Number of protein chains: 2
Amino acid sequence: MPDATDPAPMNMPSRRRFRREGEERRRQDLIEATLDSVAEHGLQGATLRTIALRAGVTAGLIRHYFPGKEELLQEAYAALMGRMTEQAKAALVMEDASPRQRLAAFVTANLNAPIIDARVFSLWATFIGRARADPTLAHAHREGYLGFRNEVEAVVAEVLAAERRNPDASQLRHHAIAINAIIDGLWIEGCLAGEMFSTGELAAIGIKTVEAELGLAPDGEENQ
Amino acid sequence: MPDATDPAPMNMPSRRRFRREGEERRRQDLIEATLDSVAEHGLQGATLRTIALRAGVTAGLIRHYFPGKEELLQEAYAALMGRMTEQAKAALVMEDASPRQRLAAFVTANLNAPIIDARVFSLWATFIGRARADPTLAHAHREGYLGFRNEVEAVVAEVLAAERRNPDASQLRHHAIAINAIIDGLWIEGCLAGEMFSTGELAAIGIKTVEAELGLAPDGEENQ
DNA sequence: GAGCTTGTTGTGCAAGTGTATAAATAGCCT
DNA sequence: AGGCTATTTATACACTTGCACAACAAGCTC
């Protein structure tokens, strides 16, 4: 009579099968699995075993690619920020568009998917919450923030130049700070309560508010 | 024969001395210690033992006041949000002030200490990062956010009424969303990079941006 | 195909986690 | 002062965590 307690065939000692992936591919997968784990369970829930399970490997492998958990998390955060700013800046390099149109496109890009996304926001908040205690994170954020704000300031300068206005450096800086705040604030609202806004509504509000901040006359297509 | 393995003096059985504090006091202390721990070490570093140490008690006591760690964290978050919104709203109840002045005071209150504070921001980010996975946190945030936005919308209505403008509900809502975003965005900038702004600078930018959003004529004290 | 490199697995371990519970004592009531 | 009770301490426990390491096998080179 066969062994009823053992559901598996007799070849017990067989190890788990595996494939050798390229180094870059594995690192990428592990980073992605890390971001998924953090987004879903927070930093405390993102254990090496959880991450490994999600990446389809066993926990021990992580140590083969990263010195420790700390470094894995840092690389994951860097990857996240890189992706976000990259997508955001992409809207700025449009050819054949007036500065004002480029600014509007920038705002629109930042206030729609995939930038407006609950998962991304959750990750951002989780990591940024540790920035105060972790100088590495703080520095990474500072760089990203200043880069972003400088982009904004550059477009603003072009927009105002096209309007034949001549703001001084201080005014320019204030505009950049304010516009950055508008985008960030609406981004948060959209990520946290996305279903309260219809499609494109946040972008429309954003453009209107930014143009009001810059003192631009309302566009021809809408009045009041 | 005496126990030679015991390095301590003979009066061993002495326990740690303690005082019995009132229930409300102890709960308050534990919540504060929890917020401190979370702000300093993140959610993962906020262990029961760390919290207890900071509160000057032993870990076991926490279970006497809270069913579990989860509930302690939830109460801590509620306390944090309560304190923040309370301080913010306080600026709105000024007597003998025009709506426009009250709005300006509201913006100013939200863009200075103690609302602008790296520790508070760190806590906010840490908790809000878990909102997606924790319905309790999500609900608490939603309530706070809507309450805040409604306050803004009410003042905006008064301000515009005083200016003899007659916005419809949709315009009012958009103004509230935008102003909320401006405040939130500047709040983040101030918390994360406070030393980049001079005192009162953020509040000044905030007021100017908000008034531009509402289409208010610049105040008499400043031009351009 | 044989052999070698190294990516990958599996197991083990010490430290730390939240929770449970028994033992002690501070401080009120009489 | 003496006792009672609830607050507080202290210890135990089962479990998880990050990390270390030895065994293994995938897939290249010859």
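Within every chain, numbering begins at 1; the chains are lettered A, B, ... in the order of the sequence lines, protein sequences first and strands thereafter. Note that the coordinates shown come from a computational prediction; the quantities given were computed from them, not determined experimentally.
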message: Ring-plane angle category for W124(A) and W124(B), please: parallel below 30°, perpendicular beyond 60°, tilted otherwise.
response: perpendicular

- request: Using atom types as modelled and distance alone, determine if a side-chain donor or acceptor of W187(B) lies under 3.5 Å from a backbone N or O of I115(B).
  value: yes

message: Give me the atom names and distance for the closest heavy-atom approach of L172(A) to A157(A).
response: CD2-CB, 3.9 Å

query: Going by heavy atoms in the side chains, are F121(B) and R132(A) under 4.5 Å from each other?
result: no

statement: Here the distance between atom C1' of dA23(D) and atom CG of L61(A), to the nearest Å, is 15 Å

- prompt: Under a 4.5 Å cut-off applied to non-hydrogen side-chain atoms, are T58(A) and F18(A) in contact?
  reply: no

What N/O pairs connect the protein and nucleotides 11-17 of chain C at under 3.5 Å? Give each pair on its own line.
none

query: Can you find a heavy atom in the side chain of Y145(B) that is under 4.5 Å from one in the side chain of I188(A)?
result: no

message: How many whole angstroms separate atom CG of L53(B) from atom C1' of dT9(D)?
response: 14 Å

task: Taking only heavy atoms on the protein side, list every residue of residues 70-80 of chain B lying under 4.0 Å from any atom of DNA chain D, sorted numerically.
output: none

Atom-to-atom span, NE2 of H64(A) to P of dT8(C) - whole angstrom: 8 Å

query: Can you list, by residue number, the residues of residues 16-32 of chain A that have a non-hydrogen atom closer than 4.0 angstrom to DNA chain C?
result: R16(A), F18(A), R19(A), R20(A), E21(A), R26(A)

- prompt: What nucleotide, of dG7(C), dC24(D), dT8(D), holds the atom closest to the side chain of R15(B)?
  reply: dT8(D)

query: Ignoring hydrogens and angles, does a donor from either the side chain of R63(B) or the base of dT19(C) sit under 3.5 Å from an acceptor on the other?
result: no

message: So L111(B) and I116(B), do their side chains get closer than 4.5 Å, heavy atoms only?
response: yes

- request: In whole angstrom, give the distance that lies between atom CD1 of I62(A) and atom P of dT8(C).
  value: 12 Å

